[in-house]
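Presented below is the structure to which this report refers.
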Amino acid sequence: MTTLTQDSALSGGVTLAPSAAARIAAIAAKQNRPAVLRLAVEGGGCSGFQYKFEMGNEPEADDLVSETDGVRLLVDPMSLELIAGATVEYVESLGGAAFRVTNPQAASGCGCGASFSV
């Protein structure tokens with residue numbers, strides 16, 4: 001089940017897929033931390049902007065909070081402007097495993113999927 005709170009009234013929140021929620025929960029359990037992932041957008045990378053993931057704690061007052069299967073995804077308002085409508089998944093392939101952001105606002109991206117332009 002996915003629920004959005006705080007600024008969820010904004011059209012196009014950010015969705016945390018069950019695959020990503022399961023991986024975050026596993027990481028959090030190993031580290032004895034809350035199951036919270038913070039997603040931010042920073043300048044840089046091959047294409048102009050890059051995604052930054054880090055295990056989080058409590059949300060800031062103006063964060064968008066998306067919850068899937070008891071795992072929370074936090075996104076600050078500035079980053080949300082660049083990734084509204086995105087989905088965060090965890091994918092495993094022959095090339096490795098990683099979190100992947102499917103961002104409808106990205107006009108282009110790099111081959112590794114870690115950076116994008118709008």
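Keep in mind the model is a prediction, meaning the values are calculated, not measured. Sequence positions, counted from 1, serve as the residue numbers for this chain.
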Minimum side-chain heavy-atom gap Arg38-Arg72 below 4.5 Å: no
Min side-chain heavy-atom separation Phe99-Val91 under 4.5 Å: no
Which heavy-atom pair separates [X] from [Y] by the least distance, and what is that distance?
X     : Y     : value
Ala97 : Tyr90 : CB-OH, 3.1 Å
Phe49 : Gly43 : CD2-CA, 4.3 Å
Ala35 : Ala25 : CB-CA, 4.3 Å

Donor-acceptor contacts, no H, no angles, side chain residues 79-88, under 3.5 Å, sequence neighbours left out:
{"unit_1": "Ser79", "atom_1": "OG", "unit_2": "Val41", "atom_2": "N", "d": "2.9"}
{"unit_1": "Ser79", "atom_1": "OG", "unit_2": "Asp76", "atom_2": "OD1", "d": "2.7"}
{"unit_1": "Ser79", "atom_1": "OG", "unit_2": "Asp76", "atom_2": "OD2", "d": "3.3"}

Pairing residues for Asn57 by the side chain to side chain contact (heavy atoms under 4.5 Å, CB included) criterion, not counting sequence neighbours: Arg33, Pro34
Reference residue Pro59; test side-chain contact (heavy atoms from CB on, under 4.5 Å); the match among Val36, Val75, Leu64, Val65: Val65
Atom [atom1] in [X], atom [atom2] in [Y]: separation rounded to 0.5 Å?
X     : Y     : atom1 : atom2 : value
Gln31 : Met55 : CD    : CE    : 5.5 Å
Asp69 : Leu16 : CG    : CG    : 8.5 Å
Leu74 : Glu54 : CG    : CD    : 9.5 Å
Glu89 : Thr15 : CD    : OG1   : 10.0 Å

Side-chain ion pair, Lys52 and Glu42, N-O less than 4.0 Å: yes
Step-by-step side chain to side chain contact (heavy atoms under 4.5 Å, CB included) determination, Phe53 to Val101: CA-CA 11 Å; Phe53 295 99; Val101 179; 3.6 Å; yes
Under 3.5 Å donor-acceptor, Ser66 side chain and Val14 backbone: yes
